[in-house]
Amino acid sequence: MDFIIFLIVGGIIGWLASIVMRTDGQQGIILNIVVGIIGSFIGGVLFGPTLGGGGIYGWLSAFLGAIILLAIVNLIRRGSVR
C-alpha cells in the first residue's frame, strides 16, 4: 500500500513541477511519476537537512527538487531552462 501512495505522491509532485516549468504537454503520467520520484530524492538530498524531512517541508523540498530536475533536463535538451 505504501508503494502505491509513493507513486501517487510522486506523480502529483511531478505533474505540478511540469506545470510550473511548462513541460506538461510533453510529458505523460509515467514521466511525471519518474520526475516526482527523482525530484523528491534530489530535494531530500539538497534541502532535507535545511528544511527537515517531515510535513509540509518534505513536500516543499520534493517539489523544489522536481523543478531543479526539470530545469536541468530542459537545459540539456534545449539549451535553456524554459
One should read off an interatomic distance between M21 CE and L69 CG, to the nearest 0.5 angstrom, of 9.5 Å

Can you list the residues that meet the side chain to side chain contact (heavy atoms under 4.5 Å, CB included) rule with L16, with sequence neighbours excluded?
I12, F63

Nearest heavy-atom neighbours spanning V9 and W59
CG1-CH2, 3.6 Å

Name each donor-acceptor pair under 3.5 Å that joins a side chain in residues 35-42 to protein atoms two or more places apart or in another chain, with its distance.
unit_1	atom_1	unit_2	atom_2	d
S40	OG	G36	O	2.6

About how many Å separate CD1 of I19 and CG of L70, when rounded to the nearest 0.5 Å?
11.5 Å

Between atom CG of L60 and atom CD1 of I13, what is the distance when rounded to the nearest 0.5 Å?
10.0 Å

When rounded to the nearest 0.5 angstrom, what distance separates CD1 in I33 from CD1 in I29?
5.0 Å

Consider only side-chain heavy atoms of I, L, V, M, F, W and Y, link residues closer than 4.5 Å, and tell whether V73 and V45 are in one cluster.
no

